Undergrad: 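A single structure is presented below for examination.
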Amino acid sequence: MKNTLKYINAFAVIACILIMGCDKQKDEFVLGTISPFISNFDLKKSYKETDLVLNATVMKGANSIKGVVISDFVAGNTPKNLLVVQNSRIVGNGIDSVRGIAINIGADAAKYLVGDSVHIKIEGGTLKRVDGILQIDGISGSAVNKIASGKNIKVPIVNIANLIAMPTVYENTMVTISNTVVEPEPVQGETFSGDKTINDGFGKAKLHTEATANFAGNELPAAANFTGVAYFKNKNQLYLWMRNANDVFALPLVKPSPIIISGYLTNPGGSEAVTSGTQKGAYEYIQLLVTKDIDFSVTPYSLVTTNNAGSANPAPANGWATGGARTYKINITSGVAKKGDFVYVGGYSKLIWGFGSTNISSSNWVAAVDYANNDGANFGTKNTNLLANSGNIAGIALFEGTNVNASTVPVDAIFYGGSNANSGNVYAAGPPEVGYRITNTDYYTTINPSTRLQQNFFGAGSNTNRLGFQIEQTGTNGGGFIQLGGTYVTSTGRWEKGRLLTNIVMSTTSTVSDLQTGAGVTVLKN
């Protein structure tokens with residue numbers, strides 16, 4: 001009995017200790033303090049396009065923001081009295097939480113420099129729009145406390161279409177819009193002063209420069225990467241205010257390409273190796289759009305496809321000229337096409353969607369080869385697949401002339417599929433740097449808009465954009481024809497609207513008009 005009581009007493013003591021320990025942890029949790037700072041990401045989510053008084057409830061217990069100054073009063077190109085501050089916070093699922101906010105503190109805003117780290121008490125202010133610009137009003141200069149200077153600023157690279165689609169995300173935020181042109185093309189001596197229209201191929205925006213800015217009299221380039229703070233006068237009209245003269249990086253004007261890639265068939269219906277009579281496979285093809293009159297017997301071109309199937313392939317040391325199972329070359333040395341014509345290159349079968357489908361040999365085929373049974377011109381091993389339809393990244397490139405080597409730059413190129421553009425099987429940074437060369441198109445640029453360094457290969461720097469694979473058609477063994485819809489300006493060689501993938505559902509009775517009409521078709525603009 002005595003032993004039993006001892007055990008009971010011991011258990012009671014242990015239980016008491018555990019309970020007290022738990023109570024202590026509970027008390028410590030309850031006594032935790034809320035951060036006095038709210039991120040711009042969270043603050044801007046609370047704004048619903050009506051004036052919002054900022055109090056502890058709205059700001060979830062916070063009363064201040066902290067961030068890095070991005071407004072530049074030294075250069076003189078920033079809205080009067082607005083201190084613009086950018087910050088970010090950790091957000092799940094890879095969301096970019098970089099956000100900017102403008103605070104009206106009157107003339108004191110000019111005291112702060114780009115890169116200053118500041119804390120600002122905003123409780124009691126009002127988040128509202130003034131002349132279209134979202135800002136916090138009712139805050140005095142004494143609410144700002146400078147902590148440090150010379151801080152780095154994260155600058156998202158965003159196309160105009162995304163900026164316009166998400167104004168609440170990007171307004172008051174510093175961004176870079178890459179590979180843009182000024183419309184109309186500036187005349188000699190034209191300056192930055194005023195509002196200029198810029199076009200990156202995905203949309204148009206206004207580049208705004210105050211007449212009193214210290215770079216307002218600088219000559220305006222015809223093409224450039226522009227960095228600045230995004231403001232909206234309304235939801236659909238974007239204004240980019242450069243901070244200073246260093247926010248422009250001039251680019252060479254793009255040379256117009258006489259031919260552009262406008263569509264392709266990667267996965268015909270049925271088996272690609274079907275043999276029946278004279279049909280021996282070779283059903284895949286590429287559709288091209290001619291932007292000026294061409295006699296290919298006088299001005300020859302060549303087309304190269306790349307298929308990077310497998311996981312062990314190294315980056316191609318000879319680029320588009322690698323050959324073997326990696327790249328296949330077709331020469332275009334005969335035929336005539338007029339500006340605006342669609343022409344076709346690919347399998348000699350000339351069927352619209354594989355075995356048993358409509359014969360489209362009456363279309364303008366400028367090159368048709370039996371790639372399933374014959375090696376390519378100069379390089380490329382025969383294969384039933386001219387164009388990959390699954391797996392690693394694949395691509396198509398057009399070249400002026402028939403001499404293609406590791407250094408040859410294409411006049412147009414697209415890539416599609418795959419999961420990692422920087423993977424070792426398509427690009428290696430080196431030294432030596434090897435991979436598939438690109439040119440300036442709607443998707444690729446030879447100058448990195450962030451680092452301003454050369455990037456001449458797919459997978460290098462920002463050149464990671466690619467299209468998806470075709471959609472598999474229910475009940476068939478094939479996929480649709482890929483139309484690349486966009487608007488190409490023949491006079492400048494620029495894309496006013498970048499190419500987007502449209503999957504055209506195919507059948508054995510489809511006709512050429514299915515490939516050349518509809519909203520997904522590339523169009524030319526003078």
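Values in this document were obtained by computation on a predicted structure and should not be read as measured data.
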Undergrad: Has the side chain of Glu433 got a donor or acceptor atom that lies under 3.5 Å from a matching backbone atom of Gly430?
TA: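 Side chain of Glu433 to backbone of Gly430, a donor-acceptor pair under 3.5 Å: no, none is there.
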Undergrad: State, to 0.1 Å, how close Gly493 and Tyr488 come at their nearest heavy-atom pair, and which atoms those are.
TA: CA-OH, 3.3 Å
Undergrad: Is it true that a side-chain atom of Asn225 and a backbone atom of Asn179 form a donor plus acceptor pair closer than 3.5 Å?
TA: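 Between the backbone of Asn179 and the side chain of Asn225 there is a qualifying donor-acceptor contact (under 3.5 Å).
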Undergrad: Tell me whether the centres of the aromatic rings in Tyr427 and Tyr436 are closer together than 6.0 Å.
TA: no
Undergrad: Nearest 0.5 Å please: distance from the NZ atom of Lys45 over to the OG atom of Ser39.
TA: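 One finds 8.0 Å between NZ of Lys45 and OG of Ser39.
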Undergrad: State whether a side-chain donor-acceptor pair under 3.5 Å links Thr197 with Glu183.
TA: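 The answer is no; no qualifying pair exists.
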Undergrad: What are the two closest non-hydrogen atoms of Tyr416 and Leu387, and how far apart are they?
TA: OH-CB, 3.5 Å
Undergrad: Go through the side-chain N and O atoms of Thr446 and Asn440 and say whether any donor and acceptor fall under 3.5 Å apart.
TA: yes
Undergrad: Test your reading of the model: is there a side-chain donor-acceptor pair from Gln86 to the backbone of Lys154, 3.5 Å cut-off?
TA: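 Side chain of Gln86 to backbone of Lys154: a pair is present.
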Undergrad: Return each pair, listed once, that meets side chain to side chain donor-acceptor pair (under 3.5 Å) where at least one residue sits in residues 209-222; pairs must be two or more places apart or across chains.
TA: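 Counting only pairs at least two positions apart or across chains, the side chain to side chain donor-acceptor pair (under 3.5 Å) contacts touching residues 209-222 are His208-Glu210.
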Undergrad: Could you tell me if the side chain of Phe457 sits less than 4.5 Å from the side chain of Ile438, heavy atoms only?
TA: no
Undergrad: Passes side-chain contact (heavy atoms from CB on, under 4.5 Å), Val181 versus Thr492? Steps please.
TA: CA-CA 9 Å; Val181 292; Thr492 64; 5.9 Å; no
Undergrad: So does Arg494 pair up with Glu185, basic N to acidic O under 4.0 Å?
TA: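 Salt bridge: no.
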Undergrad: Could you check whether Trp320 and Phe415 have their ring centres less than 6.0 Å apart?
TA: yes
Undergrad: Of all heavy-atom pairs between Glu496 and Lys204, which one has the smallest distance, and what is that distance?
TA: OE1-NZ, 4.1 Å
Undergrad: May I ask you to decide whether Asp412 forms a salt bridge with Arg499, counting only side-chain N to carboxylate O separations under 4.0 Å?
TA: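 Salt bridge flag = yes for Arg499 with Asp412.
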Undergrad: Run the salt-bridge test on Asp195 and Lys206 with the 4.0 Å N-O cut-off and return the result as yes or no.
TA: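 The answer is no: the pair does not qualify as a salt bridge.
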Undergrad: Testing Val84, Val155, Leu83 for side-chain contact (heavy atoms from CB on, under 4.5 Å) with Ile70, which one passes?
TA: Val84
Undergrad: Taking the side chain as C-beta and beyond, is there a heavy-atom pair between Thr180 and Phe226 under 4.5 Å?
TA: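 When only atoms from C-beta onward are counted, Phe226 and Thr180 do touch, with a gap below 4.5 Å.
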Undergrad: Nearest 0.5 Å, what's the OG1-CD1 distance between Thr441 and Ile414?
TA: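 The distance works out to 9.5 Å.
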Undergrad: Does Gln287 reach the main-chain N or O of Leu515 with its side chain, forming a donor-acceptor pair under 3.5 Å?
TA: yes
Undergrad: Within the side chain of Arg243, is there an N or O that forms a donor-acceptor pair under 3.5 Å with the backbone of Trp241?
TA: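 It does not hold such a pair.
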Undergrad: With no hydrogens and no angle check, is any side-chain donor or acceptor of Gln455 less than 3.5 Å from a backbone partner on Thr445?
TA: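 Judged by distance alone, yes, a pair lies under 3.5 Å.
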Undergrad: Can you tell me if CG on Asn152 sees more than 12 non-hydrogen neighbours from other groups inside 6.0 Å?
TA: no
Undergrad: Do Asn87 and Lys66 have side chains that approach each other closer than 4.5 Å (heavy atoms only, starting at C-beta)?
TA: no
Undergrad: Take atom NZ in Lys196; do more than 12 heavy atoms of anything else shown fall under 6.0 Å from it?
TA: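 Yes.
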Undergrad: Are the side chains of Thr291 and Pro256 in contact, using a 4.5 Å heavy-atom criterion?
TA: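 With C-beta onward as the side chain, the pair stays apart.
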Undergrad: Indicate yes or no: at least one non-hydrogen side-chain atom of Tyr264 is less than 4.5 angstrom from one of Thr305.
TA: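 Counting from C-beta outward, Tyr264 and Thr305 never come under 4.5 Å.
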Undergrad: State, with a plain yes or no, whether a side-chain heavy atom of Tyr47 is found less than 4.5 Å away from one of Arg129.
TA: yes
Undergrad: Give the intermediate values and the outcome of side-chain contact (heavy atoms from CB on, under 4.5 Å) for residues Val98 and Thr173.
TA: CA-CA 8 Å; Val98 175; Thr173 302; 4.1 Å; yes
Undergrad: So which atom in Ala143 and which in Ile139 form the shortest heavy-atom distance, rounded to 0.1 Å?
TA: CB-CG2, 3.6 Å
Undergrad: Find the distance between OH (Tyr231) and CD (Gln237) and round it off to the nearest 0.5 Å.
TA: 15.5 Å
Undergrad: Under a 4.0 Å N-O cut-off, is there an ion pair linking Asp42 with Arg89?
TA: yes
Undergrad: Test your reading of the model: is there a side-chain donor-acceptor pair from Lys44 to the backbone of Gly100, 3.5 Å cut-off?
TA: yes
Undergrad: Taking all non-hydrogen atoms of both residues into account, name the closest pair between Tyr443 and Leu467 and its distance.
TA: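 Scanning both residues, the minimum pair turns out to be OH-CD2, 3.7 Å.
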Undergrad: In the structure I gave you, are the side-chain heavy atoms of Asp72 and Thr78 within less than 4.5 Å of one another anywhere?
TA: no
Undergrad: Does the side chain of Lys128 come under 3.5 Å of the side chain of Asn104 through a donor N or O and an acceptor N or O?
TA: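 No, no side-chain donor-acceptor contact under 3.5 Å.
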Undergrad: Between Asn77 (side chain) and Met242 (backbone), is there a donor-acceptor pair under 3.5 Å?
TA: yes
Undergrad: Is there a donor-acceptor pair under 3.5 Å between the side chain of Asn40 and the backbone N or O of Val85?
TA: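 Yes, Asn40 side chain to Val85 backbone: donor-acceptor pair under 3.5 Å.
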Undergrad: Report the C-alpha distance between Gln454 and Ile447 in whole Å, list the side-chain angles of each, state the deciding distance to 0.1 Å, and finish with yes or no for side-chain contact (heavy atoms from CB on, under 4.5 Å).
TA: CA-CA 5 Å; Gln454 287 282 335; Ile447 301 291; 3.3 Å; yes
Undergrad: Just how far is it from atom CG of Asp137 to atom CG of Leu134, taken to the nearest 0.5 Å?
TA: 11.5 Å
Undergrad: So how far is it from Met59 CE to Ile65 CD1, rounded to the nearest 0.5 Å?
TA: 9.5 Å
Undergrad: Taking Asn392's backbone N and O only, do any of them form a donor-acceptor pair with Asn308's side chain (distance below 3.5 Å, no angle check)?
TA: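 Pair absent, no side-chain N/O of Asn308 close to backbone of Asn392.
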Undergrad: Ignoring hydrogens, what is the shortest heavy-atom contact between Asn389 and Gln470? Give both atom names and the distance.
TA: O-NE2, 3.7 Å
Undergrad: Among side-chain atoms of Ser178 and Thr176, is any donor-acceptor pair under 3.5 angstrom?
TA: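 The criterion, which ignores hydrogens and geometry beyond distance, is not satisfied for Thr176 and Ser178.
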Undergrad: Can you check side-chain contact (heavy atoms from CB on, under 4.5 Å) on Leu220 and Leu207, steps first, answer last?
TA: CA-CA 11 Å; Leu220 180 68; Leu207 181 72; 4.3 Å; yes
Undergrad: Once rounded to the nearest 0.5 Å, what's the spacing between atom CD1 of Ile396 and atom CG of Leu288?
TA: 8.5 Å
Undergrad: With a cut-off of 3.5 Å and sequence neighbours excluded, list every side-chain donor-acceptor pair involving residues 107-127.
TA:
residue: Asp108; atom: OD1; partner: Lys111; partner atom: NZ; Å: 3.2
residue: Asp116; atom: OD2; partner: Leu113; partner atom: N; Å: 2.8

Undergrad: Decide yes or no for Val248 and Pro221: does some side-chain heavy atom of the first lie under 4.5 Å from some side-chain heavy atom of the second?
TA: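 Side chain of Val248 against side chain of Pro221, heavy atoms only: contact under 4.5 Å found.
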Undergrad: If you measure only the distance, is there a donor-acceptor pair under 3.5 Å linking the side chains of Lys525 and Thr490?
TA: no
